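Because the structure is predicted, anything quoted here is derived from the model rather than measured.
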Amino acid sequence: MCDNIVIEGIETNNLKNIDVTIVKKGINLIIGPSGSGKSSLAYETIAQIGQHEFMSMFADEVSEPSYKVKSFSNMVATVPIKQANHNNNMRSTIGTYFGINRSIGLIYAVMLGLSEDFFVLNKESNLCENCHGLGYVSQLDYNKIIDFNVPLKKVPFRCWNRYKDFFSQMIINFCDDHKIDSEKTFRELTDKEKKLLLYGESSEKYSVRYKKTNAFSRRTSKFYGVLTGNPMLPNYGIGKMFYSVFECECCHGKKYDKQFDEYKIHGLSIGEFMTTDFDSLQNIVNKMSKEISDDRLSFTIKNLKAFIDKAIELNLGHLCFHRAIPTLSGGELQRLRMVQVFITQLSDLVIVLDEPLAGLSGEEKKSVFKNVVSLAKKHTVVLVDHGDTFYKVSDKIIALGEKGGNAGGKLVDVDDFLKKQKDIKITTPPKVEKQIMVQLNSSIYKYKGVKISLADSCMNLITGYSGVGKSTLLREYLPQYFESYLYINQKPLLGNKNSCVATVLDISNKISELFAKKYKKDKKFFSSLTGNDGMCPICAGAGYIEYGDDYHQSTRIECRECEGTGFNKILKKYKIKDASIFDVWKMTLDEAIYFFDDVDESVSKVCETASEIMLGHLHVGQATRTLSGGENIRIKIMKASKSTAKVIGVDEPFKGLSNIEIDAVARYLDKVMAKKQMLIVIDHTTGVESYFSQWIQMENKKNILTGKILYDQKL
């Protein structure tokens with residue numbers, strides 16, 4: 001026991017002065033509801049202590065740690081690996097991210113007797129002239145622009161959604177000249193007619209009088225097909241939403257100039273090597289390793305082989321070194337980071353993992369599980385997870401609860417927590433009465449189209465191997481097919497540094513108005529937004545003071561002047577029911593339900609809905625940057641209930657939730673769906689299929705995304 005890691009008096013974020021013992025060279029599992037403090041313990045305390053202690057021994061610039069503990073002992077260096085992908089740089093690839101490109105360049109240089117710099121991609125002369133080394137180009141997407149079921153005279157081109165009167169007349173004139181029936185939908189046209197409307201140009205100009213806002217205007221112009229890129233109205237460009245990424249026709253994603261096609265090893269140029277999937281590369285690299293006798297390459301080829309072998313073992317064989325990091329799912333990137341950990345020559349590290357099985361299918365889970373268990377023989381594993389897969393193999397289980405936020409952060413009895421998670425009664429979902437076939441031919445990333453059958457007026461669950469294209473289906477294909485569609489992704493809520501729970505739930509303005517109405521003042525007097533009278537002059541409404549800059553890691557300290565609320569302290573004397581806006585901002589949403597019950601029913605109702613999906617522990621003024629992933633997506637789902645969209649796609653709404661929270665979210669989604677036509681959910685959490693009318697397994701056949709129905713309530 002004396003060799004174990006001991007941390008005492010932990011008060012990081014909402015943790016309540018807890019003591020924990022971490023078993024070295026074992027699996028330490030942290031469980032609990034969303035917002036209970038799991039990440040605060042695993043990442044912001046354990047991982048941060050190990051990183052800070054290690055870095056402070058040699059680094060010149062080490063920021064002040066944000067964890068709060070009384071003491072710790074026997075700590076070792078930590079490697080935190082999160083299941084998140086915030087990288088938006090399309091030039092960042094698997095090869096560059098993991099420092100493998102230079103190794104591949106060295107192998108090609110030595111085996112072909114050339115200089116290493118010859119294969120470096122950051123030289124302009126080495127890059128493809130067409131895409132400048134990106135490997136792709138952004139072009140107008142035929143399917144994103146066209147609504148195939150709209151008659152021509154009603155303008156079937158979505159990018160011409162303004163001044164429809166003008167575009168309608170231009171289309172009718174052009175159709176009349178070419179003997180095309182403008183009553184037909186785009187789908188009903190011949191290929192020749194479609195081509196004319198997309199790429200054609202009229203021989204003469206048309207003079208059109210059209211409605212423009214509250215008046216009429218006249219414009220004389222030739223008709224230009226929608227895909228020509230020539231505008232018929234001045235300053236009327238086509239927005240980015242109608243563009244898609246297509247493989248570069250010159251280099252076919254290889255990024256290199258054509259001259260590099262001449263230099264090959266085992267029939268592959270360096271660009272082809274980078275774009276070949278790991279499954280196919282494995283045999284080639286095995287042959288290379290046997291042929292190489294040059295001492296300069298023995299260690300390099302060994303590491304390259306180890307990376308590819310382990311990536312394939314973790315079901316990442318479909319990836320390639322030129323795959324852009326932003327196009328990876330959070331689960332794919334986490335497993336790639338795990339590959340680095342599994343093959344490292346370092347030992348005795350603390351590896352912190354964030355739900356390594358989330359977002360994976362059955363076979364993928366088995367492989368990752370086996371590797372995580374083996375990892376504990378060489379390192380100490382700290383694991384945040386919700387499934388029961390790791391219960392039996394864990395050397396230590398730490399349960400936090402009872403709830404989230406201020407109601408969490410305590411150590412609770414493990415057995416009691418697990419028992420409560422099993423006491424869930426699931427109702428039978430509605431039967432499937434009607435199917436909608438979604439079929440599109442469109443090149444997106446490596447996919448050429450989609451053909452999938454979805455249950456109308458029902459909740460659809462979609463699963464499938466990581467990387468098969470589930471998120472691509474929801475994010476790229478379904479918006480093309482459904483006119484009224486909303487996609488809810490896994491990314492954090494957008495907002496500025498002043499954003500809080502009240503602002504994202506759209507109750508902040510209402511609360512300011514209530515105080516303003518009572519005291520007959522402008523609502524800006526009670527608003528903490530930048531520039532408003534109610535803003536704290538010290539922190540400018542942020543609620544914290546930030547020290548440091550972008551180069552050196554910054555530190556945030558709660559503003560003493562406004563007590564973290566962001567409000568001017570003069571507002572403390574203005575009260576409703578003996579509570580100032582300071583007091584309201586510090587209330588939990590559960591407390592706010594009763595406070596606003598007889599003050600404003602609409603605010604109370606919003607708080608009640610939040611409580612229904614187990615977000616009642618959040619504070620009204622809690623900063624959005626402090627929300628967990630599970631809290632983030634539940635707020636997005638709440639906001640989606642107000643949307644007019646008839647079809648909603650949700651990416652992993654149950655990820656990071658306990659069984660009780662899953663039940664609450666599933667029941668709420670069912671209520672949301674009842675107002676819409678269809679709900680489509682991607683998730684892999686065990687047992688959630690019981691809440692859905694239809695369960696579909698995604699597959700990739702000949703670059704077409706398809707779906708095999710596994711479970712249908714009608715069957």
Let me confirm one number: the CG-CD distance from Asp522 to Glu513, rounded to the nearest 0.5 Å. 10.0 Å
From the list Glu652, Glu661, Glu612, salt bridge (Lys or Arg N to Asp or Glu O under 4.0 Å) partner of Arg634 resolves to Glu661
Hey, is the main chain of Lys211 close enough, under 3.5 Å, to the side chain of Asp165 for a donor-acceptor pair? yes
Worked verdict on Glu483 versus Arg158 for salt bridge (charged side-chain N to carboxylate O under 4.0 Å, His left out): CA-CA 9 Å; Glu483 188 70 28; Arg158 295 185 178 112; 3.0 Å; yes
Quick one: closest heavy-atom pair of Ile648 and Tyr485, and the distance? C-CE1, 4.3 Å
For residues 500-510, tabulate all N or O donor-acceptor pairs below 3.5 Å that involve a side-chain atom, not counting sequence neighbours.
residue	atom	partner	partner atom	Å
Thr503	OG1	Cys500	N	2.8
Thr503	OG1	Cys500	O	2.7

Side chain of Ser643, backbone of Lys639: donor and acceptor closer than 3.5 Å? no
Taking all heavy atoms of Ala640 and all of Leu486, pick out the closest pair and write down the distance. CB-CD2, 3.6 Å
For Lys517, look at atom NZ and say whether over 12 heavy atoms of other residues, nucleotides or ligands are found less than 6.0 Å away. no
Determine, using ring centers only, whether Tyr574 and Phe515 are less than 6.0 Å apart. no
Would Tyr236 and Phe167 count as a ring pair (Phe, Tyr, Trp, His ring centres under 6.0 Å) if you check the C-alpha gap in whole Å, the side-chain angles of each, and the deciding distance to 0.1 Å? CA-CA 12 Å; Tyr236 194 96; Phe167 288 111; 5.3 Å; yes
Is it possible for you to check whether Lys577 lies under 6.0 Å from the centre of the six-membered ring of Phe595, through NZ or CZ, and within 45° of that ring's axis? yes
Donor-acceptor pair, distance only, cut-off 3.5 Å: does the side chain of Gln694 make one with the backbone of Ile709? no
Looking only at atom types and distance, does a side-chain atom of Asp583 sit under 3.5 Å from a main-chain N or O of Ser580, one as donor and one as acceptor? yes
Check whether the side chains of Thr685 and Asp683 place a donor and an acceptor atom closer than 3.5 Å, and report yes or no. yes
Taking atom CG of Leu357 and atom CD of Gln334, what is their separation to the nearest 0.5 Å? 9.0 Å
Ile682 and Ser471, any side-chain heavy atoms less than 4.5 Å apart: yes
Of all the heavy-atom pairs spanning Cys562 and Phe567, show the shortest one and how long it is. CB-O, 3.1 Å
From Lys451 NZ over to Asn441 CG, what is the distance, rounded to the nearest 0.5 angstrom? 10.0 Å
Pairwise side-chain contact, Phe596 with Val606, heavy-atom cut-off 4.5 Å (strictly under): no
Judged by modelled atom types alone, do Thr609 and Tyr668 share a side-chain donor-acceptor pair under 3.5 Å? no
Does the pair Glu631 and His617 meet the rule for a side-chain hydrogen bond (donor to acceptor under 3.5 Å, both in side chains), with working shown? CA-CA 10 Å; Glu631 290 164 342; His617 61 276; 2.8 Å; yes
Could you tell me whether a side-chain N or O of Asn460 sits under 3.5 Å from a main-chain N or O of Ala455, the two making a donor and an acceptor? yes
Is there a side-chain contact between Tyr691 and Ile662 in this structure, where contact means two heavy atoms from C-beta onward sitting under 4.5 Å apart? yes
Of the non-hydrogen atoms in Ser484 and Lys646, which two are nearest, and what is the gap between them? OG-N, 2.9 Å
Could you go through Ile593 and Ser604, starting from their C-alpha distance and side-chain angles, then the distance that decides it, and tell me whether this counts as side chain to side chain contact (heavy atoms under 4.5 Å, CB included)? CA-CA 5 Å; Ile593 294 172; Ser604 181; 3.8 Å; yes
Pairwise distance OG(Ser690) to CH2(Trp695) - rounded to 0.5 angstrom: 9.0 Å
For Lys410 and Glu402, what are the C-alpha separation, side-chain angles and deciding distance, and is it a salt bridge (charged side-chain N to carboxylate O under 4.0 Å, His left out)? CA-CA 7 Å; Lys410 301 173 186 174; Glu402 290 272 325; over 6 Å; no
Check the pair Trp585 / Ile511 against side chain to side chain contact (heavy atoms under 4.5 Å, CB included), numbers first and verdict last. CA-CA 10 Å; Trp585 240 236; Ile511 294 170; 4.0 Å; yes
Walk me through whether Leu400 and Ile30 qualify under side chain to side chain contact (heavy atoms under 4.5 Å, CB included). CA-CA 8 Å; Leu400 297 173; Ile30 302 174; 4.2 Å; yes
Mark yes when over 12 heavy atoms from residues, nucleotides or ligands other than Lys212 sit less than 6.0 Å from its NZ; otherwise mark no. no
Do the side chains of Thr185 and Phe148 get nearer than 4.5 Å, heavy atoms only? no
Partner of Ser40 under side-chain hydrogen bond (donor to acceptor under 3.5 Å, both in side chains), picked from Thr12, Asn13, Thr626, is Asn13
To the nearest 0.5 angstrom, please state how far the CE atom of Met535 sits from the NZ atom of Lys524. 12.5 Å
Taking the side chain as C-beta and beyond, is there a heavy-atom pair between Thr588 and Leu618 under 4.5 Å? no
Between Tyr481 (side chain only) and Gln439 (backbone N and O only), is there a donor and an acceptor less than 3.5 Å apart? no
Is there a donor-acceptor pair closer than 3.5 Å between any side-chain N or O of Tyr43 and the backbone N or O of Lys38? no
Within a strict 4.5 Å, meaning less than it, do heavy atoms of the Ile680 and Ile696 side chains meet? no
Closest heavy-atom pair, Tyr477 versus Gly449, reported as atoms and distance to 0.1 Å, is OH-N, 3.2 Å
Please assess Tyr210 against Ser168 for the test side-chain hydrogen bond (donor to acceptor under 3.5 Å, both in side chains), listing each intermediate value before the final yes or no. CA-CA 9 Å; Tyr210 65 100; Ser168 173; over 6 Å; no
Rounded to the nearest 0.5 angstrom, the CD1-CG distance for Ile704 and Leu440 is 10.0 Å
Any salt bridge linking Lys144 with Glu476? Criterion: basic side-chain nitrogen under 4.0 Å from a carboxylate oxygen. yes
Between Lys605 (side chain) and Asp600 (backbone), is there a donor-acceptor pair under 3.5 Å? no
Between Lys636 and Asn489: side-chain donor-acceptor atoms closer than 3.5 Å: yes
Under 3.5 Å, is there a donor-acceptor pair linking the side chains of Ser611 and Asp590? yes
Heavy-atom closest contact (Pro356 atom, Asp385 atom, distance): CD-OD1, 3.9 Å
Quick one, Phe242 with Asp141, criterion side chain to side chain contact (heavy atoms under 4.5 Å, CB included). Give me CA distance, side-chain angles, the key distance, then yes/no. CA-CA 6 Å; Phe242 299 108; Asp141 190 324; over 6 Å; no
Any side-chain to backbone donor/acceptor pair from Ser693 onto Val432? Under 3.5 Å, distance only. no
Can you tell if the side chain of Phe526 reaches within under 4.5 Å of the side chain of Leu571, non-hydrogen atoms only? yes
Would you say the side chain of Leu140 lies within less than 4.5 Å of the side chain of Val226, judging by non-hydrogen atoms? no
State whether the side chain of Lys675 and the backbone N or O of Lys642 hold a donor-acceptor pair below 3.5 Å, judged by distance alone. no
